[in-house]
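Note that the structure is a prediction, hence the values are computed from the model and not measured. We count residues from 1, following the sequence as given.
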Amino acid sequence: MWESDGAEGHVGGVGVLLEGGAVAGPVYVGRGGSGCVPGFTDWWSYDGALRRPLADRMRAVCACGWHGDATYPIAWELVPDSEPFLYDTSGPERDWTAHARQVDAVAVPVPEDVARLISALRERLDEVEDDDPLTALRIIGALDAVIETDAAHVTRLATSRHTDREIAAALGSTDKALAARLHRYDSSRF
C-alpha cells in the first residue's frame with residue numbers, strides 16, 4: 001500500500017487483471033469448518049494455485065476507485081514464493097504516484113507562510129518529542145485548542161457554500177476521508 005501526504009484517503013496498491021482483462025474479485029481461502037472466511041486482494045493471491053484465479057497483468061489502484069490505464073505483465077516464475085512483495089511493482093507505483101500528484105495539484109494550496117509555520121512546528125516537535133514528551137504534548141494540546149476553537153465554524157461555512165464533492169477536491173481528499181474529517185471537526189453536522 002502506498003500513501004501520500006497531500007492526498008488524504010488516497011491509498012494506492014497493486015490491482016490485478018485476469019486473462020481477458022476481467023477485474024479480479026477477492027480470493028477466499030477455505031478454512032475447513034470455520035464460519036467467517038476473509039477475502040484477500042493482495043495481488044500475489046491470484047497465482048492460480050489451489051483453484052484461485054490466475055492474474056496475468058497488474059495495474060495501479062486507489063482507495064478512491066481510480067485505477068491506472070497502464071497494465072504490467074506478471075512473470076509468476078520470477079515472483080519469490082515466500083516473499084512475493086519483493087517482486088517489482090514499480091510500474092503501478094509510479095502510476096499511482098502520478099494520480100496522487102494530480103489529486104494534490106487540484107487541491108487548494110496551503111498559503112506559503114502557513115506551510116512554513118506547519119513545517120517549523122513539525123521540525124520542533126521532532127526535536128523535543130524523544131527528550132521531552134511532556135513539552136511535545138503541551139504543543140500538541142495548543143494545536144488541538146486551535147482546531148477545537150475554529151474547526152466547527154469553518155466546517156459550517158464551507159459546507160454551506162460548497163458541496164461535499166467540491167470540498168473533497170479542494171482538500172485533495174476522498175469522499176470517505178472527507179466525511180470522517182468533517183465529522184471530527186463538527187459532529188453536530190451528522
Side-chain angles (χ1 to χ4, degrees), residues 1-15 26 36-45 59-68 85-86 89-190:
M1 299 300 245
W2 312 301
E3 293 188 49
S4 168
D5 285 340
E8 182 183 27
H10 289 270
V11 178
V14 176
C36 182
V37 179
F40 298 95
T41 58
D42 298 316
W43 70 267
W44 55 79
S45 299
R59 66 179 177 178
V61 295
C62 185
C64 71
W66 172 90
H67 60 81
F85 50 85
L86 295 177
T89 59
S90 60
E93 185 173 5
R94 274 191 311 273
D95 296 343
W96 179 83
T97 299
H99 162 67
R101 283 188 185 133
Q102 288 172 337
V103 168
D104 197 38
V106 298
V108 173
V110 175
E112 198 58 42
D113 60 328
V114 175
R116 281 193 303 275
L117 286 170
I118 293 169
S119 179
L121 277 168
R122 284 184 173 166
E123 287 175 20
R124 188 67 177 111
L125 272 171
D126 287 345
E127 291 170 7
V128 300
E129 66 187 10
D130 288 332
D131 295 332
D132 192 359
L134 295 177
T135 299
L137 279 174
R138 178 71 178 191
I139 295 167
I140 290 168
L143 294 171
D144 276 345
V146 172
I147 292 168
E148 231 175 86
T149 303
D150 295 331
H153 175 69
V154 173
T155 297
R156 289 181 195 130
L157 281 176
T159 56
S160 71
R161 297 177 186 174
H162 302 280
T163 66
D164 285 358
R165 179 72 35 130
E166 291 170 332
I167 297 169
L171 299 181
S173 179
T174 63
D175 293 341
K176 184 177 178 180
L178 174 71
R181 181 194 289 214
L182 294 182
H183 180 71
R184 189 171 71 242
Y185 289 167
D186 183 15
S187 59
S188 69
R189 179 176 185 263
F190 295 90

By side-chain contact (heavy atoms from CB on, under 4.5 Å) - contacts of [X] (at least two apart):
{"X": "Ala169", "answer": "none"}
{"X": "Arg165", "answer": "Thr163, Asp175"}
{"X": "His162", "answer": "Glu166, Ile167"}

Enter the distance from [X]:[atom1] to [Y]:[atom2] here, rounded to the nearest 0.5 Å.
{"X": "Leu137", "Y": "Leu125", "atom1": "CG", "atom2": "CG", "answer": "9.5 Å"}
{"X": "His183", "Y": "Thr155", "atom1": "NE2", "atom2": "OG1", "answer": "11.5 Å"}
{"X": "Ile140", "Y": "Thr135", "atom1": "CD1", "atom2": "OG1", "answer": "11.0 Å"}
{"X": "Leu134", "Y": "Glu129", "atom1": "CG", "atom2": "CD", "answer": "13.0 Å"}
{"X": "Glu8", "Y": "Glu3", "atom1": "CD", "atom2": "CD", "answer": "10.5 Å"}
{"X": "His10", "Y": "Cys62", "atom1": "NE2", "atom2": "SG", "answer": "5.5 Å"}

Looking at Thr41, is its backbone amide N or carbonyl O close enough to the side chain of Ser45 to form a donor-acceptor pair, meaning the two atoms are under 3.5 Å apart?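 Checked: no pair found.
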Ignoring hydrogens and angles, tell me if any N or O in the side chain of Ser119 forms a donor-acceptor pair with the backbone of Ala115 under 3.5 Å.
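Such a contact is absent between Ser119 side chain and Ala115 backbone.
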Going by heavy atoms in the side chains, are [X] and [Y] under 4.5 Å from each other?
{"X": "His153", "Y": "Leu157", "result": "yes"}
{"X": "Tyr185", "Y": "Thr159", "result": "no"}
{"X": "Val11", "Y": "Trp96", "result": "no"}

Original post:
Tell me the salt bridge (Lys or Arg N to Asp or Glu O under 4.0 Å) pairs involving residues 150-162, sequence neighbours left out?
Top reply: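 Listed by first then second residue: Arg156-Asp186.
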Where is the tightest heavy-atom contact between [X] and [Y], given as atom of each residue plus distance?
{"X": "Thr89", "Y": "Trp43", "result": "CG2-NE1, 4.0 Å"}
{"X": "Val61", "Y": "Val14", "result": "CG2-C, 4.1 Å"}
{"X": "Ala107", "Y": "Gly172", "result": "CB-N, 3.7 Å"}
{"X": "Gly9", "Y": "Ala177", "result": "CA-CB, 3.9 Å"}

side-chain hydrogen bond (donor to acceptor under 3.5 Å, both in side chains) involving Glu127 - partner list, sequence neighbours excluded:
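If we apply the side-chain hydrogen bond (donor to acceptor under 3.5 Å, both in side chains) test to Glu127, skipping adjacent residues, the hits are Arg124.
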Q) Sequence neighbours excluded, which residues qualify as ring pair (Phe, Tyr, Trp, His ring centres under 6.0 Å) partners of Trp66? A)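 So Trp66 forms a ring pair (Phe, Tyr, Trp, His ring centres under 6.0 Å) with His99.
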